[in-house]
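Report on the structure given below.
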Amino acid sequence: MEQKAVADKVHQRIAELAIEHNKSQISDSITVSIGVASHIPSQDDTPESIVAWADSALYQAKANGRNQTCLHHTSSN
């Protein structure tokens with residue numbers, strides 16, 4: 001399953017749970033921001049690089065207004 005499709009299912013399931021989040025200024029219920037990175041590794045890559053790419057995508061999702069998925073620009077899907 002494509003990474004975006006998996007993330008979309010996570011968003012859907014979290015929304016279906018409708019867990020109240022009274023102190024949030026963003027939403028009345030819990031939401032999730034997701035950062036995705038996929039990469040075919042080379043010998044020079046480190047595990048830390050893909051984690052950093054996913055982290056970068058997560059911060060972009062939060063900066064874009066939260067409750068969404070962002071794919072890192074180097075990701076293949």
Side-chain angles (χ1 to χ4, degrees):
M1 184 179 278
E2 181 182 316
Q3 299 94 329
K4 182 78 166 83
V6 171
D8 289 344
K9 275 194 162 221
V10 171
H11 283 286
Q12 178 185 357
R13 294 291 292 144
I14 295 291
E16 288 170 0
L17 291 172
I19 300 169
E20 287 186 30
H21 193 348
N22 297 330
K23 297 186 183 207
S24 173
Q25 296 176 351
I26 306 297
S27 176
D28 292 335
S29 59
I30 297 290
T31 64
V32 63
S33 298
I34 301 173
V36 176
S38 69
H39 176 70
I40 297 172
S42 69
Q43 260 187 322
D44 297 330
D45 290 329
T46 65
E48 292 82 11
S49 352
I50 197 155
V51 170
W53 296 336
D55 190 51
S56 173
L58 170 61
Y59 279 95
Q60 187 62 54
K62 290 180 177 185
N64 288 350
R66 301 181 181 258
N67 195 30
Q68 59 188 275
T69 298
C70 282
L71 303 175
H72 190 270
H73 69 277
T74 60
S75 295
S76 55
N77 288 16

So how far is it from Q3 CD to T69 OG1, rounded to the nearest 0.5 Å?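 Output value for this atom pair is 11.0 Å.
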From L71 atom CG to K4 atom NZ, the distance as rounded to the nearest 0.5 Å: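 One gets 7.0 Å once the value is rounded to the nearest 0.5 Å.
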Considering only distance and modelled atom types, tabulate donor-acceptor pairs under 3.5 Å from the side chains of residues 52-65, sequence neighbours left out.
| from | atom 1 | to | atom 2 | distance (Å) |
| --- | --- | --- | --- | --- |
| Q60 | NE2 | N64 | OD1 | 2.8 |
| N64 | ND2 | Q60 | O | 3.4 |

Quick one: which residue pairs count as a salt bridge (charged side-chain N to carboxylate O under 4.0 Å, His left out) with a foot in residues 11-29, not counting sequence neighbours? R13-E16
Checking side-chain contact (heavy atoms from CB on, under 4.5 Å) between E48 and each of T46, I50, V51, which is the one that passes?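 Answer after filtering T46, I50, V51: T46.
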For the residue pair T31 and H21, establish whether any side-chain heavy-atom pair is separated by less than 4.5 Å. no
Identify the two heavy atoms, one from I14 and one from I30, that lie closest to each other, and give their separation to 0.1 Å.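 Here I14 and I30 meet closest at CG2-O, 3.5 Å.
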